**Student:** 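Let me give you the structure first, and then I'll get to my questions.
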Amino acid sequence: MPAKYDTLLVLDFGGQYCHLIVRRIREHGVYSEIVPHDISPQEVAALDEKFNIKGLILSGGPSSVYEPNAPKLHPNILETNLPILGLCYGHQLLAQLVNGKVEPAVCKEYGAAQVNIDKPVGVLEGLSITEQVWMSHSDTVVEPPPEFEALAHTDNCPVAAFRHKTKPLYGLQWHPEVIHTKNGAHMLQNFIFQICRAQANWQMENLIDKMVKELQTETGGGRAIIGLSGGIDSSVAATLAAKALGEKLTAVYVDHGFMRAGETEAIRTAFEKFDIHFIVADAQERFMNKLQGVIEPETKRKIMGEEFIRVFEEIAAQSGAEYLIQGTIYPDRIESGFRKNSDKIKSHHNVAGLPEKIKFKKILEPLGDLYKDEVRKVARMLGLPKEIVNRQPFPGPGLAVRIIGPLTEEKVSIAKKSDKIVREEIERCDLIENLWQYFSVVTDTKATGVKGDARAYGYMVAVRAVESKEAMTASFAKIPYEVLERISTRITNEIPQVTRVVYDVTHKPPATIEWE
């Protein structure tokens, strides 16, 4: 193991994909960390004492470079003499810093776009004349800065990529870190290895010991409880916490009444076999009472976030636990808008859904910097059972956020039955290998139907199935029509209250994976 890792720093301007850049770099075996957007040359030099800093990447962000309070680069950042790659907002900021011309775009670009590669050099070396990329911008660079040259353009963006003629400074208007940019990994690889001359001397395996030691340090010998849902995130967090704390850890599964059919029984069976103090808390009635008449999804999540904490506090009072450990992962945190310049997409119950006042000394999140597929890798390293490693993601609030509008016993029953049908039909056809999630959503819309030659008026259920690697972006799955037909037929036949089934064909973005 090297004394210092070759490292790329990602300057955080609040973009939804900021952390995705970090993990794309790590996929190449090179270490990466997020740092503040206004980091100074002196602070970069200080980090170089710990790491071999090889380059800087400027992330995207939701701001416009023209806004008065928009995040800016440190004016002397170029004094580091490190290679720099600006992406989207970072591309515009870099151009602005070196006297390029940035203007509001005449035609804003969001989503997949075709870019023309005029000079396939540097970051763009080895690319085709045209490339599919992922755009998301309302400003654009219209003239390259002095001593820079344009490398690519689109119909609406005259300077979609540029570079300095002699220094390792590059800008890309698109997002190479998302899977929708077809050769994005190749572009980043060019920057990491050809431009920054980094060595691949870091592996994810190094994280396990680090996370265990951090939990031991944070708890300082105290007792803790962990919220264990049975999903991959909380299961990995529980396994790490058990390594760190041993008998001082209590795992708590909260049955809030919105779990999938058979879920509680399956989780009880699975985790009672583990060498861990495991408790099932039956809280169905209290959660339903709290959520009666609640329609707005953010309110649902916050109510459930607080109620989870109250259940954990009650159990902690009995066990003497001072710390709460959660299986929160990075997409939960970033969608909850936890960073200074990032927008809130939705409050996850275990992040922005938490109440202001809690009785724990601290909430610990050992997986807080990881993506789902990274968590799965850690799970395999820890030797967790295959059924846990491959379990599809399930939101902490459960079916409560897969029911649009107010929650009723009838709609909860429909959600459980329809979800079971979707899972059974997709799993029976051996389609799950390429799917990230597949589930049903009970809408608050009713539609006219015909059942038994008579008029029926019932709920509309939506089916959602997506492909993804890390949940920050996703594509709707092209499920075979015959499978969708069986799902639709079974739902409308087996659930009398449903008259219509629709399939969601929206990518993320612009949608999120869950409806609420």
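Atom set for the values below is all heavy atoms of this structure, side chains included, hydrogens, waters and symmetry mates excluded. Note that this is a predicted model, so its numbers are computed, not measured.
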**Student:** Do side-chain atoms of Lys165 reach the backbone of Pro146 as a donor and acceptor pair under 3.5 angstrom?
**Tutor:**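 Side chain of Lys165 to backbone of Pro146: no pair is present.
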**Student:** Scan Leu78, Val98, Leu169 and name whichever one has a side-chain contact (heavy atoms from CB on, under 4.5 Å) with His164.
**Tutor:**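 Going through the options one by one, the only one that passes is Leu169.
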**Student:** For Arg500, is the CZ atom crowded, meaning more than 12 foreign heavy atoms sit under 6.0 Å from it?
**Tutor:**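 Result for CZ/Arg500: open.
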**Student:** Any donor and acceptor pair, going by atom type alone, linking the side chain of Thr492 with main-chain N or O of Val498 inside 3.5 Å?
**Tutor:**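 No, because the side chain of Thr492 does not come within donor-acceptor range (under 3.5 Å) of the backbone of Val498.
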**Student:** Any non-hydrogen side-chain atom of Asp118 less than 4.5 Å from a side-chain atom of His153?
**Tutor:**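 Sidechains of His153 and Asp118: in contact.
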**Student:** Are the side chains of Pro366 and Ile325 in contact, using a 4.5 Å heavy-atom criterion?
**Tutor:**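 Side chain of Ile325 against side chain of Pro366, heavy atoms only: contact under 4.5 Å found.
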**Student:** Grab the two heavy atoms, one from Asp444 and one from Ile404, that are nearest each other, plus how far apart they are.
**Tutor:**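 Taking every non-hydrogen atom into account, CB-O, 3.5 Å.
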**Student:** Check the orientation of Phe13 and His37. Use parallel for under 30°, tilted for 30 to 60°, and perpendicular for over 60°.
**Tutor:**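 Tilted, since the angle between the ring planes falls between 30° and 60°.
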**Student:** Report yes or no: does Ser488 contribute a side-chain atom to a donor-acceptor pair with the main-chain N or O of Val501 at less than 3.5 Å?
**Tutor:**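 Side chain of Ser488 to backbone of Val501: no pair is present.
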**Student:** Just to verify, what does Asp504 make a side chain to side chain contact (heavy atoms under 4.5 Å, CB included) with, not counting sequence neighbours?
**Tutor:**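 If we apply the side chain to side chain contact (heavy atoms under 4.5 Å, CB included) test to Asp504, skipping adjacent residues, the hits are Arg464, Thr506, Trp515.
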**Student:** Can you tell me how far apart CD1 (Ile34) and CG (Leu11) are? Round to the nearest 0.5 Å.
**Tutor:**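 The distance works out to 10.0 Å.
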**Student:** Using a 4.5 Å cut-off on heavy atoms from C-beta on, say whether the side chain of Leu240 contacts that of Leu382.
**Tutor:**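 The answer is yes, as the side chains (C-beta and beyond) meet within the 4.5 Å cut-off.
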**Student:** Does Lys420 have more than 12 heavy atoms from other residues, nucleotides or ligands lying within 6.0 Å of its NZ?
**Tutor:**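 Open: at most 12 neighbouring heavy atoms sit under 6.0 Å from NZ of Lys420.
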**Student:** Judged by atom type as modelled, is there a donor-acceptor pair below 3.5 Å linking the side chain of Thr181 to the main-chain atoms of His175?
**Tutor:**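 It does hold such a pair.
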**Student:** Can you check whether Ile77's main-chain N or O pairs, donor with acceptor, with Thr80's side chain at less than 3.5 Å?
**Tutor:**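 At least one qualifying donor-acceptor pair exists.
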**Student:** Just checking Asp430: does its CG atom have more than 12 heavy atoms from other residues, nucleotides or ligands closer to it than 6.0 angstrom?
**Tutor:**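 No - once you tally the heavy atoms of other residues, nucleotides and ligands closer than 6.0 Å, there are 12 at most.
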**Student:** Going through the checks in order, is the side chain to side chain contact (heavy atoms under 4.5 Å, CB included) test met by Gln96 and Leu93?
**Tutor:** CA-CA 5 Å; Gln96 189 182 59; Leu93 274 179; 3.7 Å; yes
**Student:** Ile487 versus Tyr503: any side-chain heavy-atom pair under 4.5 Å?
**Tutor:**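 No - every pair of side-chain heavy atoms lies 4.5 Å or more apart.
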**Student:** Can you see which heavy atom on Gln199 is nearest to which on Asp6, and at what distance?
**Tutor:**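 What the structure gives for the nearest pair is N-OD2, 2.7 Å.
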**Student:** So, does Arg301 use its side chain to make a donor-acceptor pair with the main chain of Glu516 at under 3.5 Å?
**Tutor:**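 Confirmed, Arg301 side chain pairs with Glu516 backbone.
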**Student:** Using the ring of each side chain (for Trp, its six-membered ring), is Tyr5 parallel, tilted or perpendicular to Trp202, with breaks at 30° and 60°?
**Tutor:**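 Taking Trp202 first and then Tyr5, their aromatic rings stand perpendicular (interplane angle over 60°).
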**Student:** Check the pair Arg486 / Glu482 against salt bridge (Lys or Arg N to Asp or Glu O under 4.0 Å), numbers first and verdict last.
**Tutor:** CA-CA 6 Å; Arg486 283 198 299 271; Glu482 58 268 24; over 6 Å; no
**Student:** Would a distance-only check, ignoring hydrogens and angles, find a side-chain to backbone donor-acceptor pair under 3.5 Å from Thr140 to Cys157?
**Tutor:**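 No: the side chain of Thr140 does not pair with the backbone of Cys157.
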**Student:** Applying salt bridge (charged side-chain N to carboxylate O under 4.0 Å, His left out) between Glu374 and each of Arg23, Arg24, Arg380, report the one that passes.
**Tutor:**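 Going through the options one by one, the only one that passes is Arg23.
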**Student:** Give, for atom OH of Tyr170 and atom CD1 of Ile57, the distance between the pair rounded to the nearest 0.5 Å.
**Tutor:**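 Tyr170 atom OH to Ile57 atom CD1 measures 13.0 Å (nearest 0.5 Å).
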**Student:** To the nearest 0.5 Å, what is the distance between SG on Cys196 and CG on Leu8?
**Tutor:**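 One gets 4.5 Å once the value is rounded to the nearest 0.5 Å.
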**Student:** Less than 4.5 Å apart, side chain to side chain, heavy atoms only: is that true for Val30 and Phe193?
**Tutor:**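 Val30 reaches Phe193 side chain to side chain.
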**Student:** If every non-hydrogen atom of Gly14 is compared with every non-hydrogen atom of Pro62, which pair is closest and at what distance?
**Tutor:**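 Minimum heavy-atom contact is O-CD, 3.4 Å.
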**Student:** Going through the checks in order, is the salt bridge (Lys or Arg N to Asp or Glu O under 4.0 Å) test met by Glu514 and Arg402?
**Tutor:** CA-CA 7 Å; Glu514 298 287 346; Arg402 291 180 179 173; 2.7 Å; yes
**Student:** How long is the gap from OG1 on Thr7 to CG on Asn201, to the nearest 0.5 Å?
**Tutor:**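 Answer rounded to 0.5 Å: 7.5 Å.
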**Student:** Would you say Lys386 has more than 12 foreign heavy atoms packed within less than 6.0 Å of its NZ?
**Tutor:**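 Result for NZ/Lys386: open.
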**Student:** Can you see whether Gln173 engages Gln92 through a side-chain donor-acceptor pair at a distance of less than 3.5 angstrom?
**Tutor:**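 Looking only at side-chain atoms, Gln92 and Gln173 do form a donor-acceptor pair, the distance falling under 3.5 Å.
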**Student:** Do any N or O atoms from the side chain of Thr130 and from the backbone of Asn116 form a donor-acceptor pair under 3.5 angstrom?
**Tutor:**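 Not a single qualifying donor-acceptor pair exists.
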**Student:** Ser235 and Leu228: side chain to side chain contact (heavy atoms under 4.5 Å, CB included), yes or no, with the steps?
**Tutor:** CA-CA 6 Å; Ser235 297; Leu228 180 57; 4.1 Å; yes
**Student:** Can you see which heavy atom on Asp48 is nearest to which on Lys4, and at what distance?
**Tutor:**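 It is O-NZ, 2.9 Å.
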**Student:** State, to 0.1 Å, how close Ile426 and Tyr438 come at their nearest heavy-atom pair, and which atoms those are.
**Tutor:**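 Heavy atoms only, the tightest pair is CD1-CB, 3.5 Å.
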**Student:** Are Thr473 and Tyr17 close enough, and set up right, to give a side chain to side chain contact (heavy atoms under 4.5 Å, CB included), and what steps lead you there?
**Tutor:** CA-CA 9 Å; Thr473 62; Tyr17 306 131; 3.7 Å; yes
**Student:** Is a side-chain donor or acceptor of Lys54 paired with a backbone partner of Ile195 at a separation under 3.5 angstrom?
**Tutor:**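 Between the backbone of Ile195 and the side chain of Lys54 there is no qualifying donor-acceptor contact (under 3.5 Å).
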**Student:** Before accepting this row, confirm whether a basic side-chain N of the pair Lys377/Asp373 lies closer than 4.0 Å to the acidic partner's carboxylate O.
**Tutor:**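 Salt bridge absent between Lys377 and Asp373.
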**Student:** Is the shortest heavy-atom distance from the side chain of Lys101 to the side chain of Val141 under 4.5 Å?
**Tutor:**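 No - every pair of side-chain heavy atoms lies 4.5 Å or more apart.
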**Student:** Any chance you could measure Glu147, atom CD, to Asn99, atom CG, to the nearest 0.5 Å?
**Tutor:**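 CG of Asn99 is found 10.5 Å from CD of Glu147.
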**Student:** Within the supplied structure, the quantity of interest is the number of heavy atoms (other residues, nucleotides, ligands) at a distance under 6.0 Å from Glu485 CD; does it exceed 12?
**Tutor:**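 12 or below, so no.
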**Student:** Check Thr328, Ile329, Asp233 against Glu365 for a side-chain contact (heavy atoms from CB on, under 4.5 Å) and give me the one that passes.
**Tutor:**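 Considering Thr328, Ile329, Asp233, a side-chain contact (heavy atoms from CB on, under 4.5 Å) with Glu365 is found only for Thr328.
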**Student:** Please find the pair of heavy atoms, one from Glu33 and one from Val22, that lie closest to each other, and give the distance.
**Tutor:**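 Closest heavy-atom pair between Glu33 and Val22: C-CG2, 4.2 Å.
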**Student:** Does some side-chain heavy atom of Trp134 sit less than 4.5 Å from a side-chain heavy atom of Pro509?
**Tutor:**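 Result yes, sub-4.5 Å side-chain heavy-atom pair found.
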**Student:** Could you tell me whether the side chain of Leu85 reaches within less than 4.5 Å of the side chain of Leu188, counting heavy atoms only?
**Tutor:**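 Of all side-chain heavy-atom pairs linking Leu85 with Leu188, at least one is under 4.5 Å.
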**Student:** Before you tell me yes or no, could you show the steps for Phe394 and Ile232 under side chain to side chain contact (heavy atoms under 4.5 Å, CB included), namely the whole-Å CA-CA distance, both residues' side-chain angles and the distance that decides it to 0.1 Å?
**Tutor:** CA-CA 9 Å; Phe394 187 60; Ile232 179 69; over 6 Å; no
**Student:** Measuring from Trp174:CH2 to Thr154:OG1, what's the distance to the nearest 0.5 Å?
**Tutor:**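 Answer rounded to 0.5 Å: 9.5 Å.
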**Student:** Please answer whether the main-chain N or O of Val212 pairs with a side-chain N or O of Lys243 as donor and acceptor at a distance below 3.5 Å.
**Tutor:**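 No, because the side chain of Lys243 does not come within donor-acceptor range (under 3.5 Å) of the backbone of Val212.
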